[in-house]
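Here is the structure we will look at, set down as structure tokens.
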Amino acid sequence: MTKTYRQAQILKLIRGQSIRTQEELSAALEKMGIEVTQVTLSRDIRELGLVKGQQGYREASQPAPAGEEPANVLRRAVEEFVREVRTAQNLVIIKTTRGTSAPLADALDRGNWPEIVGTIAGEDTVFAAAPDARRAQQAKEKLMALIR
């Protein structure tokens, strides 16, 4: 495992959940199969420019969290742009109004849903990849719930 990969996983974790201590971060990494010493973790935190606030670790370049802002952005994007949601194996195929798939894909990426590992946006379609078919179905259901 490379340093770049480990640091990317650290960012993914702090973007997706509240992690208040190095011990919590170390335990979360260990659940992902990444063992790290306290010294290495401290160095990674410093190199990534993470700061510790009331909500836990966050990127210094990010504004302090104001509630569920990424969730609100995603909800608004889904309500405004989504026309249809289907699944195919581990993919969630999201049809949007023309020219709006990129902002929707960005909102999904920033939403840090555990069901979605990445997105690709076309002109009017977003392909959101899930780890498996079950999680793709869960993502579809979450998206549909935002529309209702």
Side-chain angles (χ1 to χ4, degrees), residues 1-78 81-82 85-96 99-146:
M1 172 212 17
T2 67
K3 173 181 168 179
T4 303
Y5 176 80
R6 182 182 64 247
Q7 288 184 350
Q9 297 312 303
I10 290 170
L11 290 174
K12 181 178 177 182
L13 285 167
I14 66 156
R15 289 172 180 159
Q17 59 188 294
S18 174
I19 296 185
R20 298 178 189 275
T21 66
Q22 285 190 14
E23 291 79 19
E24 287 179 19
L25 183 54
S26 179
L29 287 167
E30 192 171 315
K31 284 182 183 177
M32 299 173 76
I34 302 171
E35 292 187 30
V36 62
T37 66
Q38 189 275 326
V39 171
T40 300
L41 192 54
S42 291
R43 186 179 311 117
D44 286 341
I45 289 169
R46 186 176 57 254
E47 289 177 5
L48 290 168
L50 302 181
V51 294
K52 193 173 180 180
Q54 289 181 331
Q55 303 287 325
Y57 285 105
R58 65 178 173 84
E59 295 172 87
S61 60
Q62 289 181 332
E68 293 287 304
E69 187 175 329
N72 290 336
V73 170
L74 179 57
R75 176 176 284 112
R76 191 171 53 250
V78 169
F81 305 145
V82 174
V85 181
R86 295 184 302 200
T87 58
Q89 300 291 336
N90 69 315
L91 293 177
V92 182
I93 298 96
I94 308 159
K95 292 296 211 172
T96 67
T100 62
S101 62
L104 178 63
D106 184 57
L108 281 168
D109 289 337
R110 291 177 184 271
N112 291 312
W113 284 7
E115 298 88 355
I116 296 178
V117 295
T119 60
I120 299 174
E123 184 66 22
D124 63 357
T125 305
V126 174
F127 282 5
D132 53 47
R134 180 181 59 82
R135 291 225 184 132
Q137 184 62 35
Q138 289 172 345
K140 175 186 175 185
E141 291 168 8
K142 282 174 76 171
L143 285 165
M144 296 306 292
L146 291 176

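Just so it is clear, the model here is predicted, and its values are computed rather than measured.
When the salt bridge (Lys or Arg N to Asp or Glu O under 4.0 Å) test is applied to D106, the partners found at least two apart in sequence or on another chain are R110. In this view, N112 satisfies the side-chain hydrogen bond (donor to acceptor under 3.5 Å, both in side chains) rule with no residue, not counting sequence neighbours. Residues meeting the salt bridge (Lys or Arg N to Asp or Glu O under 4.0 Å) test with R86, sequence neighbours left out: E84. Judged as a side-chain hydrogen bond (donor to acceptor under 3.5 Å, both in side chains), and not counting sequence neighbours, the contacts of T96 are T100. For K142, the side-chain hydrogen bond (donor to acceptor under 3.5 Å, both in side chains) partners at least two apart in sequence or on another chain are E115. Judged as a side-chain contact (heavy atoms from CB on, under 4.5 Å), and not counting sequence neighbours, the contacts of T37 are V39, T40. Applying the salt bridge (Lys or Arg N to Asp or Glu O under 4.0 Å) rule to K3 yields the partners E47; only residues at least two apart in sequence or on another chain are considered. The salt bridge (Lys or Arg N to Asp or Glu O under 4.0 Å) test applied to D44 returns R6, not counting sequence neighbours. Applying the side-chain contact (heavy atoms from CB on, under 4.5 Å) rule to Q38 yields the partners Q22, S42; only residues at least two apart in sequence or on another chain are considered. For T87, the side-chain hydrogen bond (donor to acceptor under 3.5 Å, both in side chains) test picks out no residue, with sequence neighbours left out.
Residue pairs meeting the side chain to side chain donor-acceptor pair (under 3.5 Å) criterion with at least one member in residues 120-135, sequence neighbours excluded: K95-T125. Residue pairs meeting the salt bridge (Lys or Arg N to Asp or Glu O under 4.0 Å) criterion with at least one member in residues 23-41, sequence neighbours excluded, do not occur.
For the pair I94/L108, a side-chain contact is recorded, criterion being any heavy-atom separation below 4.5 Å from C-beta on. The closest side-chain heavy-atom distance from L25 to I45 is below 4.5 Å. For the pair F127/T119, no side-chain contact is recorded, criterion being any heavy-atom separation below 4.5 Å from C-beta on. No side-chain heavy atom of Y57 sits under 4.5 Å from any side-chain heavy atom of I10. Between V92 and L143 the shortest side-chain heavy-atom distance falls below 4.5 Å.
Nearest heavy atoms, V126 versus S101: CG2-O, 3.3 Å. Of all heavy-atom pairs spanning L29 and Q9, the tightest one is CD2-CB, 4.2 Å. The minimum heavy-atom distance linking A105 with A121 is given by the pair CB-CB, 3.8 Å. Among all heavy-atom pairs drawn from F81 and P103, the shortest one is CE1-CB, 4.1 Å.
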Worksheet entry | side-chain contact (heavy atoms from CB on, under 4.5 Å) between I34 and Y5, intermediate numbers included | CA-CA 10 Å; I34 302 171; Y5 176 80; 3.8 Å; yes

Practice prompt. Go through the steps for L74 and L104 under the test side-chain contact (heavy atoms from CB on, under 4.5 Å), then give the verdict.
Written response: CA-CA 7 Å; L74 179 57; L104 178 63; 4.2 Å; yes

